[in-house]
There are 2 protein chains.
Amino acid sequence: MKPIAHEITNDCRPVGEILNQIGGKWTVLIINVLSGGSMRFSEIKREIGGISQKVLTATLRDLEMDGFLTRTVTPSIPPHVSYELTDLGRDLQKPLHVLGAWAVNNRPKVLEARGRYFAAHPEAMPKRKPRIASALRVAAE
Amino acid sequence: MKPIAHEITNDCRPVGEILNQIGGKWTVLIINVLSGGSMRFSEIKREIGGISQKVLTATLRDLEMDGFLTRTVTPSIPPHVSYELTDLGRDLQKPLHVLGAWAVNNRPKVLEARGRYFAAHPEAMPKRKPRIASALRVAAE
DNA sequence: CAGAATCCAACTGGATACTG
DNA sequence: CAGTATCCAGTTGGATTCTG
């Protein structure tokens with residue numbers, strides 16, 4: 001009988017690594033818009049919408065480093081750079097879809113749980129951002 | 001024929017939400033140490049090791065809010081507080097294990113990809129922290 | 001077009017001290 | 001024991017400006 005809990009704990013390190021990589025704000029979204037095939041930088045940016053150029057560049061480079069996608073430069077004027085998922089990147093979509101399916105199916109339960117929590121702890125309410133509140137208080141004085 | 005890519009993109013929002021919740025540095029680890037059953041605050045802290053008390057408290061409260069675990073207080077001196085996974089929390093382990101298995105199986109490929117990347121881009125090397133380097137440069141002048 | 005560089009606000013997590 | 005309250009360093013991500 002092996003200490004299962006301990007084993008799982010050890011197995012968690014690579015999970016943590018992966019989560020750090022795909023845990024970025026836009027990573028999963030990028031991988032999914034690329035599931036349709038090769039895309040140019042500006043296409044990705046437009047498709048996602050709301051992401052800054054700097055962050056998109058950084059995220060794409062991280063994904064390239066880890067071998068999840070390839071970056072292909074066609075030296076022309078203007079330059080043409082396209083990104084495409086690798087086999088590894090496409091394979092990553094499988095566990096991601098499992099997680100996604102779970103999220104879609106269980107989101108109601110999570111939202112319900114939050115409702116119960118706030119009903120039981122009214123003081124914890126919707127993430128108070130006292131920055132504005134205090135500014136208002138100052139203005140009110 | 002429905003636009004699959006677009007559908008997936010939409011389905012990504014809940015995935016993003018879930019990732020924001022479990023994307024914390026210790027969340028997955030906490031869920032896994034709790035898989036063995038109910039545990040006290042200090043037990044979890046000791047089992048994980050390296051987590052600060054503040055962050056553990058915050059992470060546990062988040063997980064409680066989302067209904068992944070319960071917090072049970074036994075008013076005594078000293079106080080006794082135990083945490084236990086809910087059905088929802090235990091169910092979350094399934095997709096997490098899928099992701100974990102993928103991570104374990106594919107980590108070699110990711111590490112290999114990084115090796116290739118650094119071989120091709122020597123200047124990108126292991127996250128340079130130029131703060132010290134520039135300080136040294138100044139000191140050297 | 002596809003970035004690189006810079007500046008900056010916001011958030012995360014750690015260290016420490018104090019409390020019921 | 002199980003927190004709460006501060007303070008603080010490091011990181012993330014956005015806005016803007018400049019370039020091959």
Side-chain angles (χ1 to χ4, degrees), chain A residues 16 19-30 34 38-65 69-84 121 123-124 127-135, chain B residues 16 19-30 34 38-64 69-84 121 123-124 126-135:
Chain A
L19 282 177
N20 282 339
Q21 291 153 22
I22 68 172
K25 193 173 174 179
W26 306 97
T27 312
V28 174
L29 216 46
I30 291 174
L34 279 177
S38 174
M39 287 180 81
R40 298 184 59 168
F41 184 88
S42 51
E43 284 180 311
I44 301 173
K45 188 173 189 316
R46 197 176 329 111
E47 186 75 16
I48 290 182
I51 188 173
S52 68
Q53 170 269 330
K54 172 189 160 187
V55 173
L56 178 56
T57 302
T59 309
L60 286 171
R61 209 165 353 99
D62 286 343
L63 291 173
E64 185 194 1
M65 283 189 201
L69 54 80
T70 58
R71 177 177 181 271
T72 308
V73 181
T74 304
S76 59
I77 296 177
H80 182 110
V81 181
S82 62
Y83 295 87
E84 185 169 16
H121 310 276
E123 77 289 357
K127 289 227 173 187
R128 34 175 180 169
K129 301 198 175 180
R131 275 164 262 281
I132 297 173
S134 59
Chain B
L19 282 177
N20 283 339
Q21 291 153 21
I22 68 172
K25 194 173 175 180
W26 306 98
T27 312
V28 174
L29 216 45
I30 291 174
L34 279 177
S38 174
M39 287 180 81
R40 300 183 58 167
F41 183 88
S42 51
E43 284 180 311
I44 301 174
K45 189 173 189 317
R46 197 177 328 111
E47 187 76 16
I48 290 181
I51 189 174
S52 69
Q53 171 270 344
K54 171 190 161 185
V55 173
L56 178 56
T57 302
T59 309
L60 286 172
R61 210 171 343 103
D62 286 344
L63 291 173
E64 185 195 0
L69 53 79
T70 57
R71 177 178 181 270
T72 308
V73 181
T74 305
S76 60
I77 296 177
H80 183 112
V81 182
S82 61
Y83 296 87
E84 185 169 16
H121 310 275
E123 77 288 357
K127 290 231 173 186
R128 35 175 178 168
K129 300 199 174 179
R131 274 165 262 281
I132 296 174
S134 58

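Each chain gets a letter, A, B and so on, in the order the sequences are listed, and its residues count up from 1.
- Taking B:R46 as the reference, B:S42, B:E43 meet the side chain to side chain contact (heavy atoms under 4.5 Å, CB included) condition, with sequence neighbours excluded.
- The CZ atom of A:R46 sits 16 Å away from the C1' atom of C:dG3 (whole-angstrom rounding).
- What separates CZ of A:R61 from P of C:dA2 is a distance of 16 Å, to the nearest Å.
- The line from OG1 of A:T59 to CD1 of A:I30 is 4.5 Å long, rounded to the nearest 0.5 Å.
- For A:S42, a side-chain nitrogen or oxygen approaches OP1 or OP2 of C:dA2 to under 4.0 Å.
- A:Q53 pairs by the side-chain hydrogen bond (donor to acceptor under 3.5 Å, both in side chains) definition with A:T57, not counting sequence neighbours.
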Would you tabulate the nitrogen or oxygen pairs shorter than 3.5 Å linking the protein to nucleotides 18-20 of chain D?
none

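- For B:Y83 and D:dG3, the shortest distance from a side-chain N or O to OP1 or OP2 is below 4.0 Å.
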Polar pairs (N or O, both sides) under 3.5 Å between protein and nucleotides 13-18 of chain C?
from	atom 1	to	atom 2	distance (Å)
C:dG13	OP1	B:K25	N	3.2
C:dG14	OP1	B:K25	NZ	3.3
C:dG14	OP2	B:W26	NE1	3.4
C:dG14	O6	B:K54	NZ	2.1

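- Taking 4.0 angstrom as the limit, B:R40 places a side-chain polar atom (N or O) nearer than this to OP1 or OP2 of D:dA2.
- Taking each heavy atom of B:I48 and B:I51 in turn, the nearest pair found is CG2-CG2, 4.1 Å.
- The distance from atom NE2 of A:H80 to atom CZ of A:F41, rounded to the nearest 0.5 Å, is 13.0 Å.
- Minimum heavy-atom separation, A:V28 to A:I22: CG2-O, 3.8 Å.
- Annotation: side-chain hydrogen bond (donor to acceptor under 3.5 Å, both in side chains) contacts involving residues 20-30 of chain A, sequence neighbours excluded, are absent.
- Phosphate proximity of C:dG3 to A:R71: present, with a side-chain N or O under 4.0 Å from OP1 or OP2.
- Shortest non-hydrogen contact noted between A:R40 and A:P79 is NH2-O, 3.5 Å.
- When the C1' atoms of four end pairs are superposed on the next four at each end of the helix from C:dC1-D:dG20 to C:dG20-D:dC1, using five pairs per end, the two resulting axes differ in direction by 40°, to 10°.
- Atom C1' of nucleotide D:dT12 and atom CG of A:L19 are separated by 17 Å, given to the nearest angstrom.
- Here C:dA2 presents its C1' atom at 11 Å from CG of A:L60, a figure rounded to the nearest Å.
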